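Nothing here was measured: the structure is a model prediction, and the numbers come from that model. The basis for the numbers below is simple: all heavy atoms, side chains too, and nothing from hydrogens, waters or symmetry mates.
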Amino acid sequence: QAQLVESGGGLVEPGGSLTLSCVPSAQNFVIYSSNLMAWFRQPPGKEREFVAGVTWRNNEKFYADSVKGRFRVSRDAHYNAISLQMNSLKPEDTAIYYCARKSDKYSYTDASRYDAWGRGTQVTVAS
């Protein structure tokens, strides 16, 4: 069972915006102060790739080069939620977007190091 739930995906035209949200699927899901919460995506026929991440304690943020300046990750410690604001969307941003938790901020681009995942939400950028 997925421990995180993503929402906010959909169809958007190139140049448009979308905001994704991620919350735990159960109240007993804990995000520790040392954790990093991240967004990954998997384009059709490609491997899952890191998009953005944020550390829970210090709000330190990390971005893939392909989304810098267009996407913004944020966290809400009160609601145990993270979001991904996506602007200036391009067709190559089309993918299933996943939320994930990692124990710390090191090797944050390595999907195999994350211990909790959501089932994903589809984002399609097309005219």
Looking only at heavy atoms, what is the nearest atom pair of Tyr63 and Ala52, with distance? CD2-CB, 3.7 Å
Does Glu47, at its CD atom, have more than 12 non-hydrogen atoms belonging to other residues, nucleotides or ligands within less than 6.0 Å? no
Connected-component partners of Val30 among ILVMFWY, side-chain separation under 4.5 Å: Tyr32
On a heavy-atom basis, the closest approach of Arg41 and Ala95 is CB-CB, 3.7 Å
Does a side-chain heavy-atom distance below 4.5 Å link Phe71 with Leu89? yes
Looking at Phe50 versus Tyr108, is the centre-to-centre ring distance below 6.0 Å? yes
Out of curiosity, does Met37 fall in the hydrophobic cluster containing Tyr98 (side-chain heavy atoms, cut-off under 4.5 Å, transitive links)? no
Listed once per pair and sorted, the disulfide bond (SG atoms under 2.5 Å apart) pairs that draw on residues 25-77, sequence neighbours left out: none
Tell me which donor-acceptor pairs under 3.5 Å the side chains of residues 8-26 have, and how far apart each pair is, sequence neighbours excluded?
unit_1, atom_1, unit_2, atom_2, d
Ser17, OG, Asn87, OD1, 3.0
Ser25, OG, Ala2, O, 2.9
Ser25, OG, Gln3, O, 3.2

Quick one: do Asp65 and Lys68 make a salt bridge, cutoff under 4.0 Å? yes
I'd like to know if the side chain of Glu6 reaches the main chain of Cys99, judged simply by a donor and an acceptor atom lying under 3.5 Å from each other, with no hydrogens or angles considered. yes
Would a 4.5 Å heavy-atom cut-off, applied to side chains only, mark Asp110 and Lys102 as touching? no
From CZ (Phe29) to CZ (Arg101), nearest 0.5 Å: 3.5 Å
Does Asp104 use its side chain to pair, donor to acceptor, with the backbone of Tyr106 at less than 3.5 Å? yes
Compare all side-chain heavy atoms of Arg48 with those of Trp117 and state whether any distance is below 4.5 angstrom. yes
Do Trp56 and Arg75 have side chains that get closer than 4.5 Å, going by heavy atoms? yes
Would you check if Thr55 and Phe62 make a side-chain contact, meaning some heavy-atom pair closer than 4.5 Å? yes
Indicate yes or no: at least one non-hydrogen side-chain atom of Leu36 is less than 4.5 angstrom from one of Tyr114. yes
